[in-house]
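Note sheet for the following structure.
So that the names make sense, note that chain A is the first sequence line, chain B the second, and so on, each numbered from 1. Every value quoted in this text rests on a predicted model; they were computed, and no experiment measured them.
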Amino acid sequence: MLETRNLDKSFGAVHVTRDVSLKLERGERRVILGPNGAGKTTLFNLLVGELTPDSGSVHLAGEDVTALPVSRRARRGLSRSYQKNTLFDGLTVEENLGLAAAVHAGHATQLWSDSLAKPEVREIVREVAEQVNLVPHIHARVSEISYGMRRQLEVGVALATRPLVLLMDEPTSGVGPEMSKGFHDLLNNLPRDLTMLIIEHDMDLAFDVADTITVLNYGEVVFDGLPEAARGSKLLKEIYLGSWEDA
Amino acid sequence: MFRHSTLRYITLALLTSLALFQAFTAAYFGLEVLTEILILAMLVVALDLVAGFGGMVSLCHGALMGVGAYAYTTVSVTLGISPLVAMAGAVALTGAAAWIIGAICSRSHGIYFIMATLAFGQMAYSWVFEAPIFGGDDGLGGIPRLDLGFLGIDLNDSRSFALFCLAALGAVYGAAVLILRSGLGRSLSGVMHNEQRMRALGLTVWRVKADVFGLSGMIAGLAGALAAQHIMYISPGLLAWTVSGEALVVVILGGLGTLVGPLVGAAAFVLLKHELSAITTYWHLVVGLVLIGVVMSRANGIFGWIEARWGARLDRRLADATRKSAPEEVLNDA
Ligand SMILES: Nc1ncnc2c1ncn2[C@@H]1O[C@H](COP(=O)(O)OP(=O)(O)OP(=O)(O)O)[C@@H](O)[C@H]1O
Ligand SMILES: [Mg+2]
């Protein structure tokens, strides 16, 4: 569904992504682990097109999309959430989801009608609000909901484009352990055919959702396999202990 | 997204009543001033649409208005085609020009966007200035007004023309509200807030910007066609960049992104200009001082300042009033 071949990216002298090749099957839920600065977010930026790789390619549903701009990749079914919230602050939960749903439904540039009044858009908004547990807060403004709910909405906005592949950059970052657990239930309840790539800091929680695990270190894939294998991996333990001591 | 608060409705009602009162009671000079305000108001609504709601600070809106004025004049005077067709043509042509400018400038931001629009404005200015068919420095005269004889209205009468411009401004304001509340308007506010995010959602950002810029250009074109009919004479000065600068001053003075504020700003600006220029030739100095005061106060213009002080209080009081009346109904039912 989503594949990268030998992706490479440097910022000046810093080699941030090194020869990364990944392959996600349809419906696969893969968690990316790695210490701070390992290049996880950079990999996402390369995948969605916010950065151009120095070399290598990105393939979506069997097609090479490396040359496509961000918006065209998104319309082909690649959606992402961000490590830092990118919500539209003055708007309500419903309007935030509606902005994304309108793009998917093709009403985002319509002049003759309000996109949020369209039945297709309302339908997506209702469904996604349910998926991210925000139905009771649908009319609340972003400023009126808790931080944890905002993280849920951040994922909701990405979901509202009805993607084939959903990339989530530390969806639970800054959220307490209690709520993180709920978040992972939420992810587990998403449609089984949705392909997911999730950056996650917390190993235990990662094992909750992952079908497969990729570990990045200094921009390099140092582990790629099943969670059971990851649990026993010495290398992973080294990196894990090396960088999570403070956590 | 654009919302009408109670304060905005009250201000609109007040402005409309004042304009109507002036239109029916004023003598010739008062009517001229009123018409000047109404036409400037159209231009600044167009500018607020792109600058206040799309973050596209344009320094070519004066030139766009000039394009509308010259297009109307060329079609009606030089080609001798009916004023109604000329007006439609002016609106369409200005809109198309603005769409192209918006599309080309859509990739630049901030100061670069401002400079790019300024460059387009200056190109239009020098073209009109040099081209013989536009009369060069001398400008063009003998411009006819729209013939509404079939409705029994003679627009050559100042009062009728002022009322006609008021109706046009009402239509323009309504159109601007509809645009802001459409799918396009919602996307525009998303783009202004976080362009990168909207792109990642799959939006073709440049199209949204170009479309809104084009619609804004149509309004500027209409203002231009009316300005030409008002003065019945046009010269290249209409396209000078200072006109765009003045429009921007009015929008900021009134309240960027409030749509109602720029209307207040237009009235304040024209009145200030006429009152002060009667007293002193240095009236621009006073306008400058007022602008500095407004900007330094960190308020969003005159209307933004009023809104920040009383807007919320007014809405709260109304909410209280409705809440108080609600329990009574419950009691009555019991
Ligand atoms: N635009 C940029 N220009 C220069 N260096 C960058 C840029 N973006 C990221 N980097 C560098 O690349 C490295 C990887 O950054 P990245 O954000 O991808 O890490 P990460 O794995 O997401 O880390 P974290 O867990 O802290 O989010 C870091 O050293 C960072 O400083
Ligand atoms: Mg990161």
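The 12-atom threshold is exceeded at OH of Y147(A), counting heavy atoms of other residues, nucleotides or ligands nearer than 6.0 Å. By the 6.0 Å contact criterion, CZ on R3(B) is enclosed, its count of non-hydrogen atoms from other residues, nucleotides or ligands being greater than 12.
Using a 4.5 Å cut-off between heavy atoms, N96(A) does not touch chain B at all. Neither the backbone nor the side chain of A117(A) comes within less than 4.5 Å of any heavy atom of chain B. For L87(A), the part sitting under 4.5 Å from any heavy atom of chain B is the backbone (N, CA, C, O) and nothing else. Heavy atoms of T86(A) lying under 4.5 Å from chain B belong to its backbone as well as its side chain. Both the backbone and the side chain of R199(B) come within less than 4.5 Å of a heavy atom in chain A. Contact of A102(A) with chain B is not made at all, since no heavy-atom distance falls under 4.5 Å. In this structure, chain B has no heavy atom under 4.5 Å from any part of V48(A).
Put simply, CG on L91(A) and CZ on R186(B) are 8.0 Å apart, with the number rounded to the nearest 0.5 Å. To the nearest 0.5 Å, atoms CZ (R207(B)) and OG (S71(A)) are separated by 12.5 Å. Atoms OG and CG, on S113(A) and L184(B) in that order, are 10.5 Å from each other to the nearest 0.5 Å. Distance check, rounded to the nearest 0.5 Å: CG of N194(B) to CG of L99(A) gives 11.0 Å.
Looking at T204(B) and T109(A), their side chains never come closer than 4.5 Å, going by heavy atoms from C-beta outward. Using a 4.5 Å cut-off on side-chain heavy atoms (C-beta onward), L111(A) and L215(B) make contact.
Applying the ring-ring contact (aromatic ring centres under 6.0 Å, His included) test to residues at least two apart or on different chains, the pairs with a partner in residues 87-137 of chain A are F88(A)-H193(B).
G183(B) approaches S115(A) most closely through the heavy-atom pair CA-OG, 3.4 Å. In terms of heavy atoms, A108(A) sits closest to S187(B) at O-OG, 2.6 Å.
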Practice prompt. Any chance you could lay out the side-chain contact (heavy atoms from CB on, under 4.5 Å) test for L201(B) and V157(A), step after step, and finish with the verdict?
Written response: CA-CA 8 Å; L201(B) 293 175; V157(A) 170; 3.8 Å; yes

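Of the residues considered (I179(B), L178(B), L203(B)), L203(B) shows the highest number of contacts with chain A, using heavy-atom pairs under 4.5 Å. The candidate from G190(B), S182(B), G185(B) with the greatest count of non-hydrogen atom pairs under 4.5 Å with chain A is S182(B).
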